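Everything numeric in this text was worked out from a predicted model, so none of it was measured. The basis for the numbers below is simple: all heavy atoms, side chains too, and nothing from hydrogens, waters or symmetry mates.
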Amino acid sequence: MRVLARGAAVIATSILCGWAFVHWVYNPLACNAAITDLTRRTALITDSPGDYQRIARARRNIEALHELRAMCPMDVRVPMLLAANEEALGRLDDAVRSYRDALNTGPRPEIQAALGDALIQLGRTEEAVEQYVTAARFNPNMLELLPSEEVRRRVEERVRAGH
């Protein structure tokens, strides 16, 4: 009977160790490798010689990123890359959703600023100003990157009023 108990304990421990290895070692490494590749592929979109290639690359990247979401649900780079590729296709509403998804994963000033940039392109200036204000409260240097003097002035006023 003891041999069966020991055998069961060894099997259970082996299964648990295998699961832990996959969950805490293999998946993070695979995510990082895939995200690194997709980051490179996303950067190539701007270097595409024509619209057809740019669109094709962005669509392939988006497909790969949707598949990657299940494996890397907490990695903020996935929705950020998704948003960048959606912007390359002119899908600004989708990009805004992806940036908001990234913010849910981890609020960071560069995400707020990117969301603000997409909102500006959509003509939603007031929402963009709110995002820039939040970004500037985290990192005042963000003010130098704002798209226009008018937006910068509005953001600076709100940041000063909030202190």
Q: To the nearest 0.5 Å, what is the distance between CG (Leu65) and SG (Cys72)?
A: 9.5 Å
Q: What distance separates Ile111 CD1 from Asp101 CG, expressed to the nearest 0.5 Å?
A: 10.0 Å
Q: When rounded to the nearest 0.5 angstrom, what is the spacing between CD1 in Ile120 and CD in Glu127?
A: 10.5 Å
Q: Specify the closest pair of heavy atoms between Ala102 and Met80, including all atoms of both residues, with the distance to one decimal.
A: CB-SD, 3.9 Å
Q: Could you list the donor-acceptor pairs under 3.5 angstrom formed between side-chain atoms of residues 4-22 and any protein atom two or more places apart in sequence or on another chain?
A:
{"unit_1": "Thr13", "atom_1": "OG1", "unit_2": "Ala9", "atom_2": "O", "d": "2.8"}
{"unit_1": "Ser14", "atom_1": "OG", "unit_2": "Val10", "atom_2": "O", "d": "2.9"}

Q: Measure the spacing between CZ of Arg100 and OG1 of Thr105 and express it to the nearest 0.5 Å.
A: 14.0 Å
Q: What closest approach, in Å, do Ala88 and Ala58 show between heavy atoms, and which atom pair accounts for it?
A: CB-CB, 4.4 Å
Q: Is there a chain of hydrophobic side chains (I, L, V, M, F, W, Y, each step under 4.5 Å between heavy atoms) that links Ile55 to Ile45?
A: no
Q: Starting from the C-alpha separation in whole Å, work towards a yes-or-no answer on side chain to side chain contact (heavy atoms under 4.5 Å, CB included) for Tyr99 and Leu82.
A: CA-CA 9 Å; Tyr99 284 129; Leu82 192 55; over 6 Å; no
Q: Any idea which heavy atoms bring Pro147 and Val151 closest together, and the distance?
A: CD-CG1, 4.4 Å
Q: OG1/Thr36 to CZ/Arg40 distance, rounded to the nearest 0.5 angstrom?
A: 10.0 Å
Q: Going by atom types only, do Glu130 and Gln112 share a side-chain donor-acceptor pair under 3.5 Å?
A: no
Q: Could you check if a side-chain atom of Thr39 sits within less than 4.5 angstrom of a side-chain atom of Ile35, using non-hydrogen atoms only?
A: yes
Q: Hey, are Arg91 and Glu87 close enough for a salt bridge, meaning a charged N less than 4.0 Å from a carboxylate O?
A: no
Q: Side-chain contact test, heavy atoms from C-beta onward, threshold under 4.5 Å: evaluate it for Tyr132 versus Leu115 and give yes or no.
A: no
Q: Do Asn85 and Arg60 pair up side chain to side chain, a donor and an acceptor below 3.5 Å, judged on atom types alone?
A: no
Q: So, are Arg41 and Asp37 salt-bridged, with charged N and O less than 4.0 Å apart?
A: yes
Q: Considering all heavy atoms of both residues, which atom of Ala34 and which atom of Leu68 are nearest to each other, and what is their separation?
A: CB-CD1, 3.7 Å
Q: Determine yes or no for a side-chain-to-main-chain donor-acceptor pair under 3.5 angstrom, with Arg152 supplying the side chain and Leu143 the backbone.
A: yes
Q: Is there a side-chain hydrogen bond (donor to acceptor under 3.5 Å, both in side chains) between Asn32 and Arg77? Walk through the geometry before answering.
A: CA-CA 10 Å; Asn32 194 49; Arg77 295 174 296 173; 3.1 Å; yes
Q: Are Glu86 and Arg97 within salt-bridge range, i.e. N to O under 4.0 Å?
A: no
Q: On a heavy-atom basis, which atom in Ala30 and which in Met71 lie closest, and how many Å separate them?
A: CB-CE, 3.8 Å
Q: If you define the side chain from C-beta out and look only at heavy atoms, does anything of Leu103 sit under 4.5 Å from Gln131?
A: yes
Q: Does the pair Asp117 and Leu145 meet the rule for a side chain to side chain contact (heavy atoms under 4.5 Å, CB included), with working shown?
A: CA-CA 10 Å; Asp117 292 345; Leu145 304 174; over 6 Å; no
Q: Identify whether the distance between the nearest side-chain nitrogen and carboxylate oxygen of Glu156 and Arg153 falls below 4.0 Å.
A: no
Q: What distance separates Leu44 CG from Leu38 CG, expressed to the nearest 0.5 Å?
A: 11.0 Å
Q: Go through Thr125 and Leu119 one step at a time and tell me if the side chain to side chain contact (heavy atoms under 4.5 Å, CB included) criterion holds.
A: CA-CA 7 Å; Thr125 307; Leu119 289 167; over 6 Å; no
Q: Does this structure show an ion pair linking Asp47 with Arg57, if we count only N-O contacts that are shorter than 4.0 Å?
A: no
Q: For Met142 versus Ala135, what's the shortest heavy-atom pair and its separation?
A: CG-O, 4.0 Å
Q: Any carboxylate oxygen within less than 4.0 angstrom of a Lys/Arg side-chain nitrogen, looking at Arg160 and Glu157?
A: no
